[in-house]
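Reminder, nothing fancy here: chain letters follow the sequence lines and each chain counts from 1.
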2 protein chains.
Amino acid sequence: MTIPDDALTILRTRSLSGVLEREIEKAILGGEIPPGKRVNENHLAIRFGTSRGPVREALRALEGLGLVELVPNRGVFIRQPAVEEAIEIYDVRTVLFGLAGKLLAERVSEAEVARLRDYLEQMEAAARHRDFDRYYPLNLAFHEFIIDACGNGTLAAQYRGLVKKLHLFRARSLVQGGGLEVSNSEHREMVEAIAARDPERAQCAHSDHVARAKARLLAAYRKAEAPPSRLTS
Amino acid sequence: MTIPDDALTILRTRSLSGVLEREIEKAILGGEIPPGKRVNENHLAIRFGTSRGPVREALRALEGLGLVELVPNRGVFIRQPAVEEAIEIYDVRTVLFGLAGKLLAERVSEAEVARLRDYLEQMEAAARHRDFDRYYPLNLAFHEFIIDACGNGTLAAQYRGLVKKLHLFRARSLVQGGGLEVSNSEHREMVEAIAARDPERAQCAHSDHVARAKARLLAAYRKAEAPPSRLTS
DNA sequence: AAATTGCAAACTGTTGACAGTTTTCCATTA
DNA sequence: TAATGGAAAACTGTCAACAGTTTGCAATTT
């Protein structure tokens, strides 16, 4: 690359269609426009006070991220991942997060280890008090930190894209309630492996963590799907 | 997804900006527009007989694929990955291809095993005759087949995106010459592991294959970079 | 009453034009 | 001759309008 990443990000944000891309993405991920629904170019253009050109450009960019689907002459629709796709995403996330753990274990600094331990402590405190509102953002930041600190920007970009897509999966919310302590014991093993600078162990700990999250999601999903009609199963 | 993938692909290709996206991508990956160079929207519009609108949409889509870079008020530039990024990509490819091998080993059919063995045989024949022109497309098809047959479309999409990005790495050509037999013994182990329906072994064989390809590329790169000025190293 | 056909409104796809910025080139000056 | 400054050309960013398609509605028919 000729241009540094951060400078580029700033510049991209300044461009109109760049801003639109982020705003529309926010509207989609925030659930303002529900999955499956058609997006109206005109409404968006009016809402943001621009013409339809930049809106269309932004939507084409979001298509590349897999958040919307373009159907010729009918418009763009918010994507609605089926369970099968959610499983696919979790499988890919599993190996990506495993790689992040491995790479981080190879290069982690003392300061970063301290930071990880701090996250862990705060999460454990929140879990003990069953304070989910505090736990959730901490959990998010903890994972983000690992993805960023591993030093592989390509991995980070891909991982973030997958997480965004998962936000469109309707059953995602199912898993949020359960397993605060379970999840945290996995976090502890991850941090220990990183602190020990053991890449292989870290890779296992990290990929296992996501694999178990997948299992928890699927269990919750099947539980929510099956009971209404037991005869069909 | 509400709409089947293949139908959507056909429809997308019919839309003008969809066609443009593919054509421009072809021009970029074919080396017609060299990395680092600016793309002229007007020239492209004239060349394809359209206005600039669809061209801009296509370019925004290509930005999402990581093939071009948008710089406000200056235009889009063909990306030029540095060695560091190539390494990042190889590391991600390593785990993705490993996952493909694992998934394939879990679900492979007899017909698919036969097809893999066929590829292997043809590649070995080509390698014995040092017929690189025959070996290269076979090698490509072999890898494509594995990626497709593993049954994870998300993985396939991500993997293909990474391979496209690698095409923009100038030193990519360095590695093409060497290691036909070496590479093929790795292929044999991959196929054997899949045929044995051993997911773990297949995962190792597949990720090792890419990891070794990375090592070969880096070795060739350092060899090509270092000698001209030994004092600077 | 249900289904069907035709019309009108809404929306997408594309275009050409205009405003603002960047780049290039040439004339001027040290 | 090299450097500098400025004007013109080129190009990007954005917009408004038009053509073609889809969708929704109402009248008509069975």
Side-chain angles (χ1 to χ4, degrees), chain A residues 2-4 7-25 27-28 32-64 67-79, chain B residues 2-4 7-25 27-28 32-64 67-79:
Chain A
T2 345
I3 296 152
L8 206 152
T9 306
I10 293 164
L11 286 167
R12 272 195 58 211
T13 311
R14 294 226 185 284
S15 100
L16 184 48
S17 50
V19 177
L20 282 181
E21 183 185 335
R22 281 160 210 281
E23 287 301 317
I24 297 173
E25 180 186 304
I28 293 171
E32 195 180 322
I33 314 172
K37 205 185 168 190
R38 209 190 90 243
V39 179
N40 190 315
E41 292 179 3
N42 240 327
H43 293 354
L44 285 177
I46 292 167
R47 169 174 169 178
F48 294 111
T50 70
S51 69
R52 279 172 50 221
V55 172
R56 284 179 64 88
E57 286 180 28
L59 290 174
R60 283 302 298 255
L62 290 176
E63 188 204 9
L67 296 185
V68 302
E69 205 155 344
L70 259 79
V71 182
N73 288 323
R74 292 197 50 210
V76 307
F77 294 78
I78 310 295
R79 284 206 56 196
Chain B
T2 344
I3 295 151
L8 207 153
T9 307
I10 293 165
L11 287 168
R12 272 195 58 213
T13 311
R14 295 226 183 284
S15 100
L16 185 48
S17 50
V19 177
L20 282 180
E21 183 186 335
R22 282 160 209 282
E23 287 300 317
I24 297 172
E25 180 187 303
I28 293 171
E32 195 180 320
I33 314 172
K37 204 184 170 191
R38 209 191 89 245
V39 179
N40 190 313
E41 292 178 4
N42 241 326
H43 293 354
L44 285 178
I46 292 167
R47 168 173 169 179
F48 294 111
T50 69
S51 68
R52 276 173 51 222
V55 171
R56 283 178 64 89
E57 286 180 29
L59 290 173
R60 283 303 298 257
L62 290 176
E63 188 204 9
L67 297 185
V68 303
E69 207 154 343
L70 259 78
V71 183
N73 288 324
R74 292 198 49 210
V76 307
F77 294 78
I78 309 295
R79 284 205 56 195

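Candidate nucleotides dT15(C), dT12(C), dT12(D) were compared by shortest atom distance to the side chain of P54(B), and dT15(C) ranks first.
Here L62(B) contributes atom CG and E57(B) contributes atom CD; the two are 12.0 Å apart, rounded to the nearest 0.5 Å. The CD1 atom of I24(B) sits 7.0 Å away from atom CD1 of I33(B), with the distance rounded to the nearest 0.5 Å. Atom CZ of residue R52(A) and atom CG of residue N40(A) lie 9.0 Å apart, to the nearest 0.5 angstrom.
For the pair I46(B) CD1 and dA10(D) C1', the interatomic distance rounds to 12 Å; values are reported in whole Å. Between the CD atom of E41(B) and the C1' atom of dT14(C) there is a distance of 15 Å, given to the nearest Å. Computed from coordinates, the E57(A) CD to dG13(C) C1' distance equals 14 Å when rounded to whole Å. Distance CZ (R56(B)) to P (dT15(C)): 15 Å, rounded to an integer number of Å. For the pair N42(B) CG and dT23(C) C1', the computed distance is 15 Å after rounding to whole Å. In this structure, the CG atom of L70(B) is 17 Å from the P atom of dC11(D), given to the nearest Å. One atom, CZ of F77(B), and another, C1' of dT12(D), lie 11 Å apart when rounded to the nearest Å.
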Identify each atom pair where a protein N or O and an N or O of nucleotides 6-8 of chain D are less than 3.5 Å apart, giving names and distance.
none

Below 3.5 Å is the cut-off: list the nitrogen or oxygen pairs between protein and nucleotides 21-25 of chain D, distance only.
| residue | atom | partner | partner atom | Å |
| --- | --- | --- | --- | --- |
| dT23(D) | OP1 | R74(A) | NE | 2.5 |
| dT23(D) | OP1 | R74(A) | NH2 | 3.3 |

Is there any protein nitrogen or oxygen under 3.5 Å from a nitrogen or oxygen in nucleotides 16-20 of chain D, and what are the pairs?
none

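One axis for each end of the helix from dA1(C)-dT30(D) to dA30(C)-dT1(D), each built from five base pairs, and the angle between them comes to 10° at 10° resolution.
No side-chain heavy atom of R79(A) sits less than 4.5 Å from a side-chain heavy atom of L67(A).
The salt bridge (charged side-chain N to carboxylate O under 4.0 Å, His left out) test applied to R47(B) returns E32(B), not counting sequence neighbours. For E25(A), the salt bridge (charged side-chain N to carboxylate O under 4.0 Å, His left out) test picks out K164(A), with sequence neighbours left out.
Smallest separation of non-hydrogen atoms from L70(A) and L59(A): CD1-O, 4.3 Å.
Residues R60(A) and E63(A) are paired through a salt bridge, judged by an N-O separation under 4.0 Å between the basic side chain and the carboxylate.
Comparing G49(A) and R38(B), the nucleotide of DNA chain D nearest to each residue sits closer to the 5' end for R38(B).
At dA10(D), none of the side-chain N or O atoms of N40(B) fall inside 4.0 Å of OP1 or OP2 (strictly under the cut-off).
The residue V39(A) sits close only to the backbone: its heavy atoms come under 4.0 Å of sugar-phosphate atoms, none of a base. Nucleic acid contact for V55(B): none, since no nucleic acid atom lies under 4.0 Å from a heavy atom of the residue.
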